[in-house]
Every structure is written in C-alpha cells, then in structure tokens.
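One structure below.
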Amino acid sequence: MAVNYICRHCKTSMGSIDGSAITEQQLGFHFLTPEERSDIIAYDSNGNVTVKVVCDYCNEALSTNPDLMLIGNPLQ
C-alpha cells in the first residue's frame with residue numbers, strides 16, 4: 001500500500017509513504033468525519049491511497065486572494 005499526497009488545487013505531488021504496516025490511526029485519518037474522508041481520501045483498486053491536501057504555494061495564493069475560493073478550480 002502506498003499513501004500519496006497531492007495538492008487538491010495544482011495537483012503537485014507532495015510526497016508518498018510506502019508500507020503495508022501503516023495504519024489509518026497513524027496517519028490521523030480517524031479524526032476525519034465521513035464527509036471529510038470522502039472529500040480528502042481516495043482509494044484505488046490496488047489498495048493505494050491518495051490524500052488531497054493544499055501545498056504551501058496554493059495556500060499562500062488563496063490566503064492573499066480569498067476570492068479565488070469562489071472559483072471551482074482556482075489554481076489549475
């Protein structure tokens with residue numbers, strides 16, 4: 001199983017964790033509500049996990065231009 005972190009806005013890969021011994025509790029997924037889990041985490045047929053987060057660049061862009069949040073895909 002691999003856990004891949006990507007930016008939800010610009011799709012930049014932010015890192016990956018490989019290993020079958022990693023639990024969702026170690027990753028903090030158990031703190032998420034069911035709605036947050038479905039929005040943030042995606043599972044593929046090979047058992048790999050993709051976690052959508054926000055990179056520093058997009059976070060800064062959205063912080064300085066909050067009106068970008070009104071657009072569906074503001075930082076493609």
Minimum heavy-atom separation for R8 to I40, with atom names? NH2-CG1, 3.7 Å

First locate atom CG of D56, then atom OG1 of T12, and finally report the distance between them rounded to the nearest 0.5 Å. 11.0 Å

For V53 and M14 the tightest heavy-atom approach is CG2-SD, 3.5 Å

Taking all non-hydrogen atoms of both residues, which atom of H9 and which atom of C58 are closest, and how far apart? CB-SG, 3.8 Å

Interatomic spacing from NE2 in H30 to CD in Q25 - rounded to 0.5 Å: 6.0 Å

Quick one: closest heavy-atom pair of F31 and E36, and the distance? O-OE1, 4.3 Å

Exceeds 12 heavy-atom contacts within 6.0 angstrom, atom CG of D18: yes

How long is the span from the CG atom in D39 to the OG1 atom in T33, to the nearest 0.5 Å? 9.0 Å

Taking all atoms of both residues into account, what is the closest heavy-atom pair of V49 and I41, and its distance? CG1-CG2, 3.5 Å

Can you check side chain to side chain contact (heavy atoms under 4.5 Å, CB included) on L27 and V51, steps first, answer last? CA-CA 10 Å; L27 297 170; V51 182; over 6 Å; no

Any link between I6 and Y57 through a network of hydrophobic side chains (Ile, Leu, Val, Met, Phe, Trp, Tyr) touching at under 4.5 Å? no

Side chains of T50 and D44: does their closest heavy-atom pair fall under 4.5 Å? no

Distance (rounded to the nearest 0.5 Å) between Y5 OH and S16 OG: 9.5 Å

Which atoms form the tightest heavy-atom contact between R37 and Y43, and what is the distance? NH2-OH, 3.1 Å

